[in-house]
Q: 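Okay, here's the structure, questions in a sec.
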Amino acid sequence: MLELNYIRENADEVAKRLAIKNIDATKTLENIIGIDARRRETQKELDDNLAEANAIARQIGDLFKSGKAAEAGELKARTAELKVAAKALSEKLDTLTLEQNNLLVQLPNVPHASVPVGKTPEDNEIVYSEGDMPRLYDGAVPHWDLASKYDIIDFELGNKVTGAGFPFYKGKGARLQRALINFFLDNAIEAGYTEIQPPLVVNEASGYGTGQLPDKDGQMYFCEVDKLYLIPTAEVPITNIYRDVIVKAADFPIKNVAYSNCFRREAGSYGKDVRGLNRLHQFDKVEIVQVQHPDKSYETLEEMRNYVASLLRKLELPFRILKLCGGDMSFTSALTYDFEVFSAAQQRWLEVSSVSNFESFQSNRMKLRFKDENGKTTLCHTLNGSALALPRIVASLLENNQTAEGIRIPAALAKYTGFDLIH
RNA sequence: GGAGAGAUGGCCGAGUGGUCGAAGGCGCACGCCUGGAAAGUGUGUAUAUGCCAAAAGCGUAUCAUGGGUUCGAAUCCCAUUCUCUCCGCCA
């Protein structure tokens, strides 16, 4: 959620920058500012009303104490009037606040000044690439064929037991999963992150805190009886640790890492995008989350970007980094780097990680603050990134490393799997 | 799931209708003391929001959450949530 004061003072700037996300917010911004004026006016009236009522209550108290209770009648009559007025004002204030909030919540984060203009993924800017395109042998096939050939991932069984998008990992497939999780966690710990195991379901307030709600309601699995959401990413519970918290400036940067299952309904997806491991309803991901001083968040974004690159390098996967254009960015992000690995067998780039700076957008919703140098309570910046999501990494590893003898496991990972070939 | 007890500031803990945003203690910050430290001692120490250009200041709200009674609620009533104890069930 954007900060109200910021909107009020920079409405034109906000509109201009939201246009980069292809959103015409002029009208909404006008509305917000208009409602805000009325809201503050109402607040003032209500406060004055309550102040008078409080003063009278004190007077009555004094009268009672000095044995002049009889004189209180007139004052009581006045408070009755005030009470009626206060009730109306308070309802008006609630309505205005709610209206304003509903509008604020609809506004996406403003993109960073460096975000390229664009509408589709084709407009993303390639800022870096590394590694040679893999050359595959003649018998190379996509990972879903490899999965059944070596009996390591069973999509059919998933269909039977649960439904599409919930595969079983078997034998070396399962061990590969476990190895990757440990590999990613160990690397993160090495890089200074604290490992956390979060709950996999969260309440509504947490969904709002990180911005999944109300924007992505319908993309999360929801348990009706208990009003709980299955997490689409560990970002949600991990970031919400800091909801309604004032952290110490000395604690910056706060670095947490969490492995979790992720659950996504992916309503509306179809075709080659969902084939095999490309898009699942349940998948594994190691997520890194940082809370940082606003002055340092972009430095931190670069640090996280370099960290993710180092993982792909160790896995010997050729990759490129994209700076997302306005149209392809998420609702909550101010600047996002996507990492893509080339899948030679599918002849397409697969997104394996997304690293974002949310600036104060999440903090504002969550009321995550710190005391700055002047003792002023200020919103923190939050960042996160996948490091990494497993399915497409597995897809790339299987496809790019296939040989006539079997699938070769990169050395850094073989230490974790306990085998260097799937055959 | 059943029965009972409870929820107060960063923490502990007092407060059962009137000047309570809340005693006292701990912690923390700053000062004094000290060669330095400890001890001692003094002062300060919530959040949100409104007025104000801003600071200061003042108003308002907040004692789990939401409603209610009352001129006045941390205190009384109702609902919800959560915690603890006992019973049941169970990895």
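Predicted model, so just to flag it, every value in this text is computed and none were measured. Naming convention: chains lettered A, B, ... in sequence-line order (proteins, then strands); numbering from 1 in each chain. Atom set for the values below is all heavy atoms of this structure, side chains included, hydrogens, waters and symmetry mates excluded.
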Q: Give me the residues of residues 247-256 of chain A where at least one heavy atom lies under 4.0 Å from an atom of RNA chain B, by number, or none.
A: none
Q: Scan every strand shown for a Watson-Crick or G-U wobble partner of B/U62, both distances under 3.5 Å, and answer none if you come up empty.
A: B/A46
Q: Taking atom P of B/G17 as reference, at what distance in whole Å does atom CZ of A/Arg58 sit?
A: 20 Å
Q: What is the separation between atom CG on A/Leu93 and atom P on B/U62, rounded to the nearest whole Å?
A: 13 Å
Q: Rounded to the nearest angstrom, tell me the gap between atom CG in A/Leu75 and atom C1' in B/G72.
A: 12 Å
Q: If I take atom CG in residue A/Asp48 and atom P in nucleotide B/C58, what distance separates them, rounded to the nearest angstrom?
A: 16 Å
Q: With side chains defined as the heavy atoms from C-beta onward, is the minimum distance between A/Tyr259 and A/Asn182 less than 4.5 Å?
A: no
Q: Side chains of A/Pro108 and A/Ile23: closer than 4.5 Å at any heavy-atom pair?
A: yes
Q: Take A/Asp12 and A/Lys16, measure what salt bridge (Lys or Arg N to Asp or Glu O under 4.0 Å) needs, and give me the verdict at the end.
A: CA-CA 6 Å; A/Asp12 292 346; A/Lys16 224 165 85 186; over 6 Å; no
Q: In whole Å, measure the gap between the P atoms of B/A22 and B/G44 for me.
A: 13 Å
Q: Does A/Thr79 or A/Asp94 map to a spot on RNA chain B nearer the 5' end, using the closest nucleotide for each?
A: A/Asp94
Q: If you measure from the Lys or Arg side-chain nitrogens to the Asp or Glu carboxylate oxygens, is any gap between A/Glu351 and A/Arg279 under 4.0 Å?
A: no
Q: Say you pick atom P in B/A55 and the same atom in B/G66; how far apart are they, in whole Å?
A: 29 Å
Q: Mind checking the P distance from B/G88 to B/G10? Whole angstroms is fine.
A: 40 Å
Q: Testing the 3.5 Å rule here: is there a donor-acceptor pair between the side chains of A/Asn203 and A/Ser206?
A: yes
Q: Do the side chains of A/Arg78 and A/Glu52 get close enough for a salt bridge, i.e. N-O under 4.0 angstrom?
A: yes
Q: Sticking with atom C1', work out how far B/G40 lies from B/A23, rounded to a whole angstrom.
A: 24 Å
Q: Please tabulate the protein-to-nucleotide N/O contacts below 3.5 Å involving nucleotides 45-50 of chain B, giving atom names and distances.
A:
| unit_1 | atom_1 | unit_2 | atom_2 | d |
| --- | --- | --- | --- | --- |
| B/U47 | OP1 | A/Lys371 | NZ | 2.1 |
| B/U47 | O3' | A/Arg369 | NH1 | 3.0 |
| B/A48 | OP1 | A/Arg369 | NH1 | 3.0 |
| B/U49 | O3' | A/Arg39 | NH2 | 3.2 |
| B/U49 | O2' | A/Gln43 | OE1 | 2.9 |
| B/G50 | OP1 | A/Arg39 | NH2 | 2.7 |

Q: What distance, rounded to whole Å, do you find between the two P atoms, one in B/A39 and one in B/U81?
A: 47 Å
Q: Both A/Ala53 and A/Ala57 contact RNA chain B. Which one's nearest nucleotide lies toward the 5' end?
A: A/Ala57
Q: When the distance from CZ of A/Phe64 to C1' of B/G72 is rounded to whole Å, what number comes out?
A: 10 Å
Q: Measure CZ/A/Arg78 against P/B/U70 and give the value in whole Å, please.
A: 19 Å
Q: Given atom CG of A/Leu228 and atom C1' of B/C82, what is their separation to the nearest angstrom?
A: 14 Å
Q: Taking CD from A/Glu52 and P from B/C71, how many angstroms apart are they, rounded to a whole number?
A: 16 Å
Q: Salt bridge (Lys or Arg N to Asp or Glu O under 4.0 Å), that's the test. Do A/Glu125 and A/Lys323 meet it? Break it down for me.
A: CA-CA 5 Å; A/Glu125 188 185 310; A/Lys323 185 188 269 186; 5.0 Å; no
